[in-house]
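The chains referred to below are lettered A, B, ... by the order of the sequence lines, with proteins before strands, and numbering in each begins at 1.
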2 protein chains.
Amino acid sequence: MTDHDLTQADTVRLAIEREIFGGQLAPGDALEEGRLAKRFGVSRTPVREAITQLAQAGLITKRAHRRAVVAQLDPGTMLELFEALAELEGAAVFLSTSRMSASEKSELKDIHEAAAENLRSNGDPNEYADLGFAFHQRIVRGCHNSALIDTTEWLALRVLPYRRFQVVAPGRLQINQTDHDAIVSAIFAGDAEAAREEIRRHTLEQGDALMRFIALNKTSHADFHPNGLIKEQPV
Amino acid sequence: MTDHDLTQADTVRLAIEREIFGGQLAPGDALEEGRLAKRFGVSRTPVREAITQLAQAGLITKRAHRRAVVAQLDPGTMLELFEALAELEGAAVFLSTSRMSASEKSELKDIHEAAAENLRSNGDPNEYADLGFAFHQRIVRGCHNSALIDTTEWLALRVLPYRRFQVVAPGRLQINQTDHDAIVSAIFAGDAEAAREEIRRHTLEQGDALMRFIALNKTSHADFHPNGLIKEQPV
DNA sequence: ATAGAAAAAAGTGTACACACTTTGCGAGGG
DNA sequence: CCCTCGCAAAGTGTGTACACTTTTTTCTAT
């Protein structure tokens with residue numbers, strides 16, 4: 001089956017997610033069931049279901065009889081989100097330090113070194129961002145506790161639409177890399193408590209920097225709207 | 001308006017939630033859209049939406065073209081859930097220690113002492129369970145970070161259907177109270193790190209005890225359907 | 001002109017119909 | 001006897017119609 005057992009609602013949900021993460025749908029944009037239905041070539045029913053799920057995931061907000069909107073995070077909420085994320089990643093790395101297998105650790109080191117190389121050779125900042133994401137993911141998944149992993153990644157997802165702003169913030173990348181250095185060292189030294197502290201500080205700082213950057217570039221998100229760049233899979 | 005702006009889907013969702021927490025719907029029970037629709041006097045559409053939301057929340061599991069089922073936690077998953085919960089509560093108390101207001105702290109102390117009194121006078125175990133729930137809730141909410149609070153309580157919710165087993169486990173209550181003692185002391189001493197360690201150990205131990213108890217009473221859950229053993233606190 | 005009310009337009013919530021998938025069961029071959 | 005294949009019943013996924021709510025526009029009176 002080419003179908004992979006994905007229901008149409010799933011397909012639509014995935015597509016919308018991609019558009020949010022890709023930036024075609026910016027925070028604050030309205031999602032109207034009818035239009036989406038026509039655009040994806042399905043009826044409103046699966047679109048509606050997709051929206052419900054995305055709302056539950058916190059990616060979009062929805063109130064009865066009102067249009068659904070891509071979740072918009074005010075500074076306070078975002079700060080809380082990053083603080084919570086910092087704590088969760090801290091908890092995860094605390095466990096990961098003693099639980100990561102040798103191959104997982106070496107994978108982490110590989111990612112870290114690839115990022116360093118990217119930085120040294122002035123590579124593509126987007127690639128660096130991807131490596132940063134993989135870095136955090138590798139650490140979190142190293143705790144081998146799906147409940148904790150899912151919870152952490154779910155939280156990370158909610159701030160993901162905003163991370164695109166960070167790649168262009170000047171000077172951040174080097175600081176980021178130094179932080180990662182400290183984290184890797186702590187993990188390889190087996191010092192769980194130190195690893196926790198390092199990643200907590202790091203993620204908090206990341207959120208702070210992101211907020212400052214957004215505050216400075218107060219221009220509307222609408223600037224980033226090439227719109228319709230993604231074509232979805234027709235079953 | 002008596003309606004309070006709740007859509008029918010919301011009403012159904014709330015009703016099913018209550019039945020799960022109340023024990024009328026035990027883990028493993030199948031939820032069939034048509035029957036529920038008839039029972040609640042609505043069409044399948046809102047029922048379907050409610051089920052989707054509950055599935056997203058992890059309270060029920062759902063796969064394409066198959067009946068939805070009240071989430072059944074195998075021992076491994078439950079252990080993971082408690083471990084994750086222990087870490088989250090640890091993170092929360094770490095923040096709470098320095099953030100709880102004087103009145104919040106005294107509230108916590110009141111709850112703790114009421115529980116002690118209940119124990120001393122051989123009071124109602126269900127009341128003690130409620131106080132235990134309130135104890136944890138008060139601590140978690142003391143961190144004043146809604147993202148962390150929501151995440152933690154969401155996780156706690158997933159194991160709630162199983163907590164009903166614990167109240168009857170022999171000897172647990174006294175151990176529980178001693179643990180709480182240590183936690184309260186650490187908070188009042190302002191030792192965030194100690195508080196974190198205490199609550200981590202405590203919650204892990206709680207999960208362990210629960211698992212042992214369930215393993216011993218391997219009989220079907222259906223036996224425990226006397227309906228309303230635990231009363232939940234809305235809002 | 002302008003504020004307010006009334007009506008039209010747009011959009012969401014729900015019911016119902018029907019196609020497609022899964023599941024349970026019974027008949028026929030090994 | 002039991003395994004398998006296939007058919008019937010049950011149940012889910014989606015399209016469509018319509019009622020009800022919100023939003024926008026238009027019309028009226030000051």
Side-chain angles (χ1 to χ4, degrees), chain A residues 1-17 19-20 25-72 222 227 232-235, chain B residues 1-17 19-20 25-72:
Chain A
M1 280 76 181
T2 56
D3 188 45
H4 287 86
D5 240 19
L6 280 183
T7 185
Q8 290 190 180
D10 290 330
T11 309
V12 172
R13 176 171 52 76
L14 257 24
I16 297 180
E17 258 176 25
E19 298 204 353
I20 292 179
L25 282 172
D29 283 3
L31 298 178
E32 191 256 300
E33 301 178 356
R35 286 191 192 295
L36 289 173
K38 208 152 57 182
R39 195 146 79 73
F40 291 118
V42 299
S43 91
R44 265 182 55 220
T45 311
V47 171
R48 200 176 157 64
E49 210 169 298
I51 287 182
T52 304
Q53 289 173 227
L54 288 169
Q56 197 74 18
L59 242 65
I60 72 179
T61 57
K62 181 162 163 30
R63 290 170 46 202
H65 294 285
R66 274 175 188 86
R67 287 198 218 119
V69 171
V70 180
Q72 205 159 15
N227 199 0
E232 73 279 2
Q233 280 311 54
V235 185
Chain B
M1 282 97 181
T2 55
D3 189 44
H4 287 89
D5 240 18
L6 280 184
T7 185
Q8 291 189 187
D10 291 330
T11 311
V12 172
R13 177 172 51 77
L14 257 25
I16 296 180
E17 257 176 26
E19 298 202 354
I20 292 179
L25 281 172
D29 284 3
L31 298 178
E32 192 254 300
E33 301 177 355
R35 285 191 194 295
L36 288 172
K38 207 151 59 181
R39 194 146 77 72
F40 289 117
V42 300
S43 91
R44 265 182 55 219
T45 309
V47 172
R48 196 174 163 65
E49 211 164 297
I51 286 182
T52 304
Q53 289 174 227
L54 288 169
Q56 197 76 15
L59 244 65
I60 72 179
T61 57
K62 182 158 159 33
R63 290 170 47 202
H65 294 285
R66 279 177 184 81
R67 287 206 281 268
V69 170
V70 179
Q72 203 160 17

Participant: Check whether any side-chain N or O of A:Ser43 sits under 4.0 Å from OP1 or OP2 of D:dG15, and answer yes or no.
Facilitator: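 Checking D:dG15 against A:Ser43, a side-chain N or O does come within under 4.0 Å of OP1 or OP2.
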Participant: Expressed as a whole number of angstroms, how long is the span from A:Ile51:CD1 to C:dT12:C1'?
Facilitator: 10 Å
Participant: Distance check needed: D:dG13 P versus B:Arg63 CZ, whole Å only.
Facilitator: 12 Å
Participant: Looking at B:Arg66, I'd like to know whether one of its side-chain N or O atoms comes within less than 4.0 Å of OP1 or OP2 on C:dT23.
Facilitator: yes
Participant: If I take atom CD in residue B:Glu49 and atom P in nucleotide D:dT12, what distance separates them, rounded to the nearest angstrom?
Facilitator: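 It is 16 Å, rounded to the nearest whole Å.
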Participant: How close do B:Ala26 and B:Val70 get, counting heavy atoms only, and between which atoms?
Facilitator: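 What the structure gives for the nearest pair is O-CB, 3.5 Å.
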Participant: Distance check needed: C:dG24 P versus B:Glu32 CD, whole Å only.
Facilitator: 13 Å
Participant: May I ask you to evaluate whether B:Arg48 reaches the phosphate of D:dG13, defined as a side-chain N or O under 4.0 Å from OP1 or OP2?
Facilitator: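 Answer is yes, contact under 4.0 Å.
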Participant: So, is B:Lys38 close to the C:dA15 phosphate, meaning a side-chain N or O under 4.0 Å from OP1 or OP2?
Facilitator: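 Answer no for this pair, as no side-chain N or O of B:Lys38 is under 4.0 Å from OP1 or OP2.
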Participant: Quick check: on DNA chain D, is the nucleotide nearest B:Arg35 upstream (toward 5') of the one nearest B:Thr45, or the reverse? Name the residue that is more 5'.
Facilitator: B:Arg35
Participant: Any side-chain heavy-atom pair from A:Ile51 and A:Leu54 closer than 4.5 angstrom?
Facilitator: no
Participant: Side-chain contact test, heavy atoms from C-beta onward, threshold under 4.5 Å: evaluate it for B:Val12 versus B:Leu36 and give yes or no.
Facilitator: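 B:Val12 does not reach B:Leu36 side chain to side chain.
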Participant: Mind checking A:Leu31 for me? I need base, sugar-phosphate or nothing, with any heavy atom below 4.0 Å counting as a touch.
Facilitator: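 Sugar-phosphate: the residue A:Leu31, judged by heavy atoms under 4.0 Å, touches backbone atoms but no base.
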Participant: Using a 4.5 Å cut-off on heavy atoms from C-beta on, say whether the side chain of B:Ile16 contacts that of B:Glu19.
Facilitator: no
Participant: Can you list every side chain to side chain donor-acceptor pair (under 3.5 Å) pair that touches residues 47-57 of chain A, not counting sequence neighbours?
Facilitator: A:Glu33-A:Arg48, A:Arg48-B:Glu49, A:Glu49-B:Arg48
Participant: C:dG13, D:dT14, C:dT14: which one has an atom nearest the side-chain heavy atoms of A:Glu33?
Facilitator: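 The listed nucleotide nearest to A:Glu33's side chain is C:dG13.
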Participant: Check this one for me: any side-chain N or O of B:Thr7 less than 4.0 Å away from OP1 or OP2 of C:dT14?
Facilitator: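 Affirmative; the distance criterion is met.
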Participant: Taking CG from A:Asp10 and P from D:dG13, how many angstroms apart are they, rounded to a whole number?
Facilitator: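 For the pair A:Asp10 CG and D:dG13 P, the rounded distance is 9 Å.
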Participant: Base, sugar-phosphate or nothing for B:Gln8? Non-hydrogen atoms, less than 4.0 Å.
Facilitator: sugar-phosphate
Participant: Please state how far atom NE2 in B:His65 lies from atom P in D:dT12, giving the value in whole angstrom units.
Facilitator: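 Atom NE2 in B:His65 sits about 11 Å away from atom P in D:dT12.
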Participant: On the nucleotide D:dT23, are OP1 or OP2 found under 4.0 Å from the side-chain N or O atoms that A:Arg67 carries?
Facilitator: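 Looking at the OP1 and OP2 atoms of D:dT23, neither is under 4.0 Å from any side-chain N or O of A:Arg67.
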Participant: What I want to check is whether an N or O donor and acceptor connect the side chain of A:Arg44 with the base of C:dG13 at under 3.5 Å.
Facilitator: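 Side chain to base: pair present.
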